[in-house]
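Since the model is a prediction, treat every value here as computed from it, not as a measurement.
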Amino acid sequence: SRSRIGAWRLGARAGGIYQAMPIARFQEDATTAIVRTVGAANADITLRDHFCKAHGPKTLARAVAKEADPRRFERLAMEKCSLGDDGAKTMASHALPALRALRGLYLCANGIGPLGAKAIASGVRLCAELHTLRLDSNRLGCSGAAALFGALPGTKIETVGMMNNGIADKGAKTLAKVLARCSALRAVNLDANRITDSSCRALMLALPRSTLGELGLAYNNITERGEKMVERGRVAQAREYNKDPFRLKGNHDLGALLL
């Protein structure tokens with residue numbers, strides 16, 4: 001039946017034929033993978049392409065709690081794990097409080113929307129040593145991006161990735177507003193969004209008061225006028241950082257401006 005089909009996912013390939021596997025089995029496999037990964041000797045927790053959903057971060061928190069020294073974990077990557085907004089909320093309420101020594105958090109391609117982004121924004125403040133935050137290829141939108149940018153002041157976060165998230169000018173302008181208060185921020189990737197010339201102006205005006213050294217704006221909706229604004233900011237910032245800090249490929253004709 002239709003409902004029965006909807007409750008199954010493609011499982012392991014056997015004898016050249018993909019066999020159906022219940023979703024519960026996928027979740028069981030993901031749980032096993034989480035526990036095994038946490039129990040390994042390294043400082044990284046890396047899970048990709050596991051059907052974790054909302055229960056994944058809870059399982060992760062329980063596994064970490066059993067470790068003698070949970071502060072040894074410095075990097076968490078749960079990418080393509082179907083977390084969604086519910087998973088992002090449990091990440092903020094369960095996993096991040098258990099992983100306060102994290103230096104890198106990677107939650108790319110999880111279908112996280114604005115509600116999940118707001119939860120992550122509150123959760124990252126618990127990780128005082130966090131340096132890298134990557135949420136590429138989600139569904140953050142302007143409100144989700146604004147919540148995350150608003151959480152940056154006062155943190156040690158140096159690198160932020162939000163490419164391919166449907167972020168338009170409202171979200172990018174929030175970044176411009178907080179740049180001066182983000183004393184640790186060095187690099188932001190906003191490639192493949194919906195940013196226009198209006199945001200370019202706001203970002204370039206905020207740039208001299210910031211520590212930003214790299215800004216990805218490739219594959220947005222920036223015209224030649226916007227490129228000229230960014231070029232002026234690029235030249236000024238290049239003097240400070242001794243490099244061309246901005247990526248603009250895929251907007252207008254930008255061959256001379258590539259990083």
> What residues form a side-chain contact (heavy atoms from CB on, under 4.5 Å) with Thr132, not counting sequence neighbours?
Replying inline: Tyr106, Arg134, Thr159
> With distance as the sole criterion, is a donor-acceptor pair present between the side chains of Ser198 and Lys173 under 3.5 Å?
Replying inline: yes
> Between Glu158 and Leu185, what is the shortest heavy-atom contact and its length?
Replying inline: O-CD1, 3.6 Å
>> Can you give me the closest heavy-atom contact between Pro97 and Ala92, atom names plus distance?
In response: CD-O, 3.3 Å
> Which residues satisfy the salt bridge (charged side-chain N to carboxylate O under 4.0 Å, His left out) test with Glu79, sequence neighbours excluded?
Replying inline: Arg48
>> I want to check something: taking the side chain as every heavy atom from C-beta on, are Ile112 and Asp85 in contact at a cut-off of under 4.5 Å?
In response: yes
>> Quick check against the 3.5 Å criterion: does Thr90 have a side-chain atom that pairs as donor or acceptor with the backbone of Pro57?
In response: no
>> Side chains of Asp169 and Ser199: any donor to acceptor distance under 3.5 Å?
In response: yes
> Which heavy-atom pair separates Val178 from Phe149 by the least distance, and what is that distance?
Replying inline: CG2-O, 3.6 Å
> Is there a donor-acceptor pair under 3.5 Å between the side chain of Asp136 and the backbone N or O of Cys108?
Replying inline: no
> Do the side chain of Asn110 and the main chain of Ala88 share a donor and acceptor less than 3.5 angstrom apart?
Replying inline: no
> How far does CG of Leu215 sit from CE of Met204, to the nearest 0.5 angstrom?
Replying inline: 5.5 Å
> Is Asp191 close to Asn164 at the side-chain level, that is, under 4.5 Å between some pair of heavy atoms?
Replying inline: no
> More than 12 heavy atoms of other residues, nucleotides or ligands under 6.0 Å from CZ of Arg225: is that the case?
Replying inline: no
>> Taking Lys177's backbone N and O only, do any of them form a donor-acceptor pair with Arg181's side chain (distance below 3.5 Å, no angle check)?
In response: no
> Same hydrophobic cluster for Leu135 and Leu115, using side-chain heavy-atom links shorter than 4.5 Å among ILVMFWY?
Replying inline: no
>> For Arg75, is the CZ atom crowded, meaning more than 12 foreign heavy atoms sit under 6.0 Å from it?
In response: yes
> Nearest 0.5 Å, what's the NZ-OG1 distance between Lys228 and Thr223?
Replying inline: 9.5 Å
>> Just to verify, what does Lys156 make a salt bridge (charged side-chain N to carboxylate O under 4.0 Å, His left out) with, not counting sequence neighbours?
In response: Glu129
> Would you say Asn193's side chain and Met162's backbone share a donor-acceptor pair under 3.5 angstrom?
Replying inline: yes
> In terms of heavy-atom contacts, does CZ of Arg71 have more than 12 from other residues, nucleotides or ligands at under 6.0 Å?
Replying inline: no
> So do Leu107 and Ile120 actually touch side chain to side chain, heavy atoms under 4.5 Å?
Replying inline: yes
>> Could you see if Leu140 belongs to whatever hydrophobic cluster contains Met163? Use Ile, Leu, Val, Met, Phe, Trp, Tyr and a side-chain cutoff under 4.5 Å.
In response: no
> Do you know the tightest heavy-atom contact between Arg125 and Ala151?
Replying inline: NH2-O, 3.3 Å
> Would Leu60 and Phe73 show up in the same hydrophobic cluster when neighbours are defined by side-chain heavy atoms closer than 4.5 Å?
Replying inline: yes
>> Hydrophobic clustering (ILVMFWY, side-chain heavy atoms < 4.5 Å, transitive) - are Val160 and Leu207 grouped together?
In response: yes
> Per the side chain to side chain contact (heavy atoms under 4.5 Å, CB included) rule, which among Thr211, Leu212, Ile157 passes with Arg186?
Replying inline: Thr211
>> Using a 3.5 Å distance criterion without hydrogens, assess whether the side chain of Asn138 forms a donor-acceptor pair with backbone atoms of Gly111.
In response: yes
>> Working to the nearest 0.5 angstrom, can you tell me the gap between Ser143 OG and Ile167 CD1?
In response: 10.0 Å
>> To the nearest 0.5 Å, what is the distance between CG on Leu102 and CG on Leu133?
In response: 11.0 Å
> Are any side-chain N or O atoms of Arg201 and backbone N or O atoms of Met229, one a donor and one an acceptor, separated by less than 3.5 Å?
Replying inline: no
> Would you call Cys127 and Leu105 a side-chain contact if the rule is heavy atoms closer than 4.5 Å?
Replying inline: no
> Do Ile195 and Asn221 pass the side chain to side chain contact (heavy atoms under 4.5 Å, CB included) test, and can you show the C-alpha distance, the side-chain angles, and the key distance before you say yes or no?
Replying inline: CA-CA 6 Å; Ile195 295 167; Asn221 299 327; over 6 Å; no
